Structure formats: structure tokens, C-alpha cells
Amino acid sequence: MLRQVLKSHPSDGDAAFNLAILLQDTSRSEDVTKEAARLYQIAVQASIDSGEERWDAWANLASTQQELGIFIGPFGAHTSYERSIIYLEKIVNEHQSNLDQMQQEVVEWDEAQYQEISAELWELNNLLSKLYYGLGTILSELSPENCLYLMNQETLLIDAVDGQDDEEQAKKICDANAVNALRNAVDLDRDNLVAAHMLDAMVGGDIDNGSKRASNEFVEALFDDFAATFDDKLGALNYQVPYFIGEAAYWLLQQGERETYKSVLDAGCGTGLAGRFLKPLVDGPLIGVDLSTKMLDVARECTLLKGCGLKEVAGDNENIIIDEPGEEDLRSSVKLYNHLISLDLETATLEEIYSGYDGVQDGFELIVAADVLVYIGDLRKLFVNFGKLSAESNEERDAFLIFSCERIEEEDAPPAGWKLQSSGRYAHSKKYVVTTAKDAGYRLIGYEEIVPRMEKGKEVQGHLFQFAYGLDENWVEDDIETEDMVFMDIINENGEVVLHDEL
């Protein structure tokens, strides 16, 4: 119906706006996002032509353009956020003016009407908070070159100077305005935890004032919002951590001459990307824990043949061998995870993790954490709890811990050994990680510098650690210099172990 309307009336703003929303409700793929951005632009232009610009059309255009990485231009994310803020603030001011006028009236006002306007104002301020957060993130991500471009445009930027030709100074102005926008976001909505965390990161969160980790509320809000598009977004960033985790777990099996793990905990499992690589390596329960219930909902739908990183139904892949009739149907119904639950990893107990699970409930032979520690600065409490969740090591079988984190060089690390970066993620030095893990009862057995993903066209610096639980009496501080792991095998996208010479 809406497409028919647009076919007859290509500039119908309402039809374009509604169709864009419907498309985004059905899919968040890049192609659909591009089409939605085109439709929102039609809606914006129609509102401009009518003389009554729509803040919601500008706002939706802003978010789609940001998702596509189109920041600059007359319909880019930056301009779109600014225009949406301008027009929404007018509506907010009108509501506030109505409330002020009612309070100043001598005669008694309509209490029901007052409460209705107050509720609307509260909702509008929350929306405005989200727009300021979007503007702040755009400004913080702009390159010096794009910041310089903005200095010579009509913009709401504070301290912008016409004729500015210093890219470094222009970037400082962008960052200052990003901080200002994030402060506005927090002032408008104290429950906007994502904005509060990013503001803390940009102004250099003080370790002594509670920024030792991202709050549970922040992590849950952040990943609940990203759940539907998480896999696609990370795929576009060449995200490699789940693969590295799976490869490292298989490498450990080889070193210990065991075929599988008895149990695996995917700590901070998200949508299950690492689970795809871990499932072939465990003959007992694969348990996933995460704070975000919406991420867990996505992981819960994964089976041996679909979801959790698979782009297509694996039954259509000619590399999968079906030995018996009906085997494909069986694998389609077998869940990737045996159990999923929402808990805080720093405090979760084995009893809580296994709550609702009917199988064996022992400590875990392997715990993995793929890109989880980037939201925790001080790792002491986490490592101690991981030790409590691990199976007891003995001469025949060790319990292992594998995780990734972002890397900060020793010479750049503060005394604490970790730092909250402007990205809102924490980075840790190798020495801090190894020493803290040792204090919790772990010994380092493998280490690798990695590139977990790309960000703004640049490689993110990370590292991957392998620890065994239980200190060897011969373990000494020099073990921090353990040689890098040499991976001899990989796991393909179907979760199957493949030797390099078979590729």
C-alpha cells in the first residue's frame, strides 16, 4: 500500500516515513538501512517544503545515517541530529511554558491536564536526551578533517570559528562539543546510563570515583539496544574474537591430549558468536551467561545449523555431511547452548548459573570471555569469582580460562594498569592482567597480541590470554614473558575443526 502511494506520489513524506519504519521493523541489514535512510530523507524534504520540519523525520534520518557511517553533509547524521534537536526543543519549551503558565494562574488549574502535560514533557525530555547522546557520539567520532569542515559550516558547534584551518584545533572543538552534548543528555535524563558512561569516558573517568567497571545497568541497556543488529554490526567491523577464542580452546585440548572439555562457561556470551566455535569442543554442558536478556533471547534461538554467526541455514551448505535421513532436521532442533541465564559475572555462583538446568552441575573445565573485560577496569573481583566457578585442577586435567581484552602498552598505562578510553571501553596492560590473575590463583600458559576488530578504519589493539587454574609451585613472575601461542588449527564458520592443510 505505502509503496503504491509513493509510486503515485514520490514525495509523500508521511508514506515515506511510515514505510521506512516498517522496513526497519522487518530487517536491520545494510541494504534495508540504506533504503530507510533514502525514505527518511524524502520525509525530511517534504516537511521542509511544507514549512513545518518534522523532528522525528530528522531524528530517524540521523540514526540511520550514523549506522551507515554518513556523518557529514546536508542530510548527514551530524546535521540531522542538530535539526531534530532544534525542533524537538521547541516542542519541549512549549510544554514547559504551558506548565509554568498553569502554575502562575490564580485560579485552580485542571490537575488531570497538568499531569498529562507533565508526563508528555518527561517523555519528550527522554527523547531529547537520546538525540543529544547521538550528537555527542557523532562529534566524538568525527575525524579532524571532518571537524575542520564543520568549522566553516552553519552549525550549533560552540567556539566554531569561520576560516579555521587547523585540523587539530578543530578536533578539540568537536570533542568539547561532544562532552557538552553528552552532559545535556545526562541532565535531561538521569537514567540515560549509556550517555553517562560515555561522558565519564570522554572526561577521563576517575578511578577513585566509581569507574572501576561499567555499571550493570549500562551494559544491559547498551546491549539490549544492539541485540537485533549486533551480529551484523560486528561483521562489518571484521570482528575476530569468537574465532580466536575457539582456536585457543582447541589448541589447549591438543596440548593436554584430551579430546573435549567436560563443561564450558561462555561468560558474557551475548548473541552466541563464540558458542558456535565452542560447541564442537565440549561433550557436556555449554552454558551462557550475560546481563542482557535481549542478547540471550537471540542466543536462545541458535541451533547446530542456524544462528550464532551462521549467515545461512547450514543444511544448505554442501560441506555438511548428512549420514542418515532426518539428521539435518535433528541438528536443526538441537540448541547450541544447553542453558542460558542472566547474571552478574562478578557475583554469580554455580548454584545460580545452573538454576533451571537438570544436568550435572560441577565447576567448569573451561571459562571463556570474548570481549567482556572491555567493560571492566579492575579485574580482581572477576578473576576471583572465575576461580570459584572453575573445576578443580589436578595432575591429569587442568581447568582453563581464555579471554580477550583491549591492550594498553606498559609505558602508556596508568599506575592501576588499566584505563577507561574515550570509546567507553577499558584497556589493560599485559603485566596487570597476568599479575591480577596470579593473585586469583591462575598461571599464564599462552598469550597472543591480536586485532579483535576494526574501528574507524583502524586496527583495535588487543590481546588474548590463556590461563590454567591452580598455581604451579615452579611458577615465577618471569612467566609473564611466556611465548606467544602458535595456533596450528582453526575452526570454520560451521563450528568444525579444520586443519590448515585441509583449507
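What you are looking at is a predicted structure, and each value in this text was computed from that prediction instead of being measured.
- Once rounded to the nearest 0.5 Å, the distance linking CG of L350 with CD of Q361 reads 9.0 Å.
- Residues R425 and E455 form a side-chain contact, since some pair of their non-hydrogen atoms from C-beta on lies under 4.5 Å apart.
- For S129 (side chain) and A185 (main-chain N/O), a donor-acceptor pair under 3.5 Å exists by modelled atom type.
- Ring planes of F277 and Y243: perpendicular class, angle over 60° (limits at 30 and 60°).
- Taking 4.5 Å as the limit, some side-chain heavy atom of S63 sits within range of a side-chain heavy atom of Y81.
- Residues S263 and D362 fail the side-chain proximity criterion, which asks for heavy atoms closer than 4.5 Å.
- Under a 3.5 Å cut-off, the side chain of S342 and the backbone N or O of L291 do form a donor-acceptor pair.
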Do D290 and L340 pass the side chain to side chain contact (heavy atoms under 4.5 Å, CB included) test, and can you show the C-alpha distance, the side-chain angles, and the key distance before you say yes or no? CA-CA 8 Å; D290 202 277; L340 293 160; over 6 Å; no
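- Between N192 and Y133, the shortest heavy-atom contact is ND2-CB, 4.2 Å.
- E449 CD to Q461 CD: the interatomic distance, rounded to the nearest 0.5 Å, is 7.5 Å.
- Looking at R276, its side chain does come within 3.5 Å of a backbone N or O of K306 through a donor-acceptor pair.
- Of all the heavy atoms in L379 and T436, the pair that sits closest is C-CG2, 4.1 Å.
- Between the side chains of D266 and Y337, at least one donor N or O lies within less than 3.5 Å of an accepting N or O.
- Contact of the L135 side chain with the L139 side chain is registered, since non-hydrogen atoms from C-beta on lie closer than 4.5 Å.
- No side-chain heavy atom of R183 sits less than 4.5 Å from a side-chain heavy atom of Y132.
- Between the side chain of E346 and the backbone N or O of K381 there is no donor-acceptor pair closer than 3.5 Å.
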Given F17 and L61, is the side chain to side chain contact (heavy atoms under 4.5 Å, CB included) satisfied, shown in steps? CA-CA 10 Å; F17 182 85; L61 178 60; over 6 Å; no
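- The environment of E123 atom CD is sparse: at most 12 non-hydrogen atoms of other residues, nucleotides or ligands sit within 6.0 angstrom.
- Checked by atom type and distance alone, the side chain of K279 pairs as donor or acceptor with a backbone atom of L336 at under 3.5 Å.
- Taking each heavy atom of I445 and W251 in turn, the nearest pair found is O-CH2, 4.2 Å.
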Determine whether C269 and L296 satisfy the following criterion, side chain to side chain contact (heavy atoms under 4.5 Å, CB included), listing intermediate values before the conclusion. CA-CA 8 Å; C269 63; L296 290 173; 3.5 Å; yes
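- Between M454 and E459 there is a side-chain heavy-atom pair separated by less than 4.5 Å.
- Formation of a donor-acceptor pair under 3.5 Å by the K262 side chain with backbone atoms of L366 is not found in this model.
- Ring geometry, Y442 versus F467: the interplanar angle exceeds 60°, so the pair is classed perpendicular (tilted spans 30 to 60°).
- Here the OG-CE distance, from S423 to M202, works out to 10.5 Å after rounding to the nearest 0.5 Å.
- Under a 3.5 Å cut-off, the side chain of K171 and the backbone N or O of S140 do form a donor-acceptor pair.
- Applying the 6.0 Å contact sphere to NZ of K130 captures no more than 12 heavy atoms from other residues, nucleotides or ligands.
- Looking only at side-chain heavy atoms (C-beta outward), L382 and L345 come within less than 4.5 Å of each other.
- Minimum heavy-atom separation, L286 to G275: CD2-O, 4.0 Å.
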Chi angles and distances behind the side chain to side chain contact (heavy atoms under 4.5 Å, CB included) call for K388, V384: CA-CA 7 Å; K388 295 177 182 178; V384 168; 4.0 Å; yes
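- No donor-acceptor pair under 3.5 Å is formed between the side chain of E67 and the backbone N or O of T33.
- Checking side-chain atoms of E410 against main-chain N and O of K431 turns up a donor-acceptor pair under 3.5 Å.
- Side-chain N or O atoms of H197 include one that pairs as donor or acceptor with a backbone N or O of G424 at under 3.5 Å.
- Residue D358 places its CG atom among 12 or fewer non-hydrogen atoms of other residues, nucleotides or ligands, all under 6.0 Å distant.
- Within a 6.0 Å sphere centred on CD of E259, other residues, nucleotides and ligands contribute 12 heavy atoms or fewer.
- Of the inter-residue distances, the one linking R258 atom CZ with D398 atom CG reads 6.5 Å to the nearest 0.5 angstrom.
- V451 places none of its side-chain heavy atoms less than 4.5 Å from the side chain of Q240.
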Residues Y354, F364; criterion ring pair (Phe, Tyr, Trp, His ring centres under 6.0 Å); working and verdict: CA-CA 11 Å; Y354 281 115; F364 294 95; 5.4 Å; yes
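- Remark: I367 CD1 to Y261 OH distance equals 12.0 Å, nearest 0.5 Å.
- The pair R453-E406 meets the salt-bridge criterion, since a charged nitrogen lies less than 4.0 angstrom from a carboxylate oxygen.
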Could you walk me through whether R300 and D297 satisfy the salt bridge (Lys or Arg N to Asp or Glu O under 4.0 Å) test, starting with their C-alpha distance in whole Å, then the side-chain angles of each, then the deciding distance to 0.1 Å, before giving a yes or no? CA-CA 5 Å; R300 197 167 280 115; D297 287 342; 2.9 Å; yes
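- Annotation for E352 and T347: closest pair OE1-O, 3.8 Å, computed over non-hydrogen atoms.
- With rounding to the nearest 0.5 Å, the separation of CG in L193 from CG in L199 is 12.5 Å.
- Below 30°, between 30° and 60°, or above 60°: for Y432 and H428 the angle between ring planes is below 30°, a parallel geometry.
- Of the options Y447, F403, W418, a side-chain contact (heavy atoms from CB on, under 4.5 Å) to V433 is made by F403 and by none of the others.
- The nearest pair of heavy atoms linking L343 to V289 is O-CG1, 3.7 Å.
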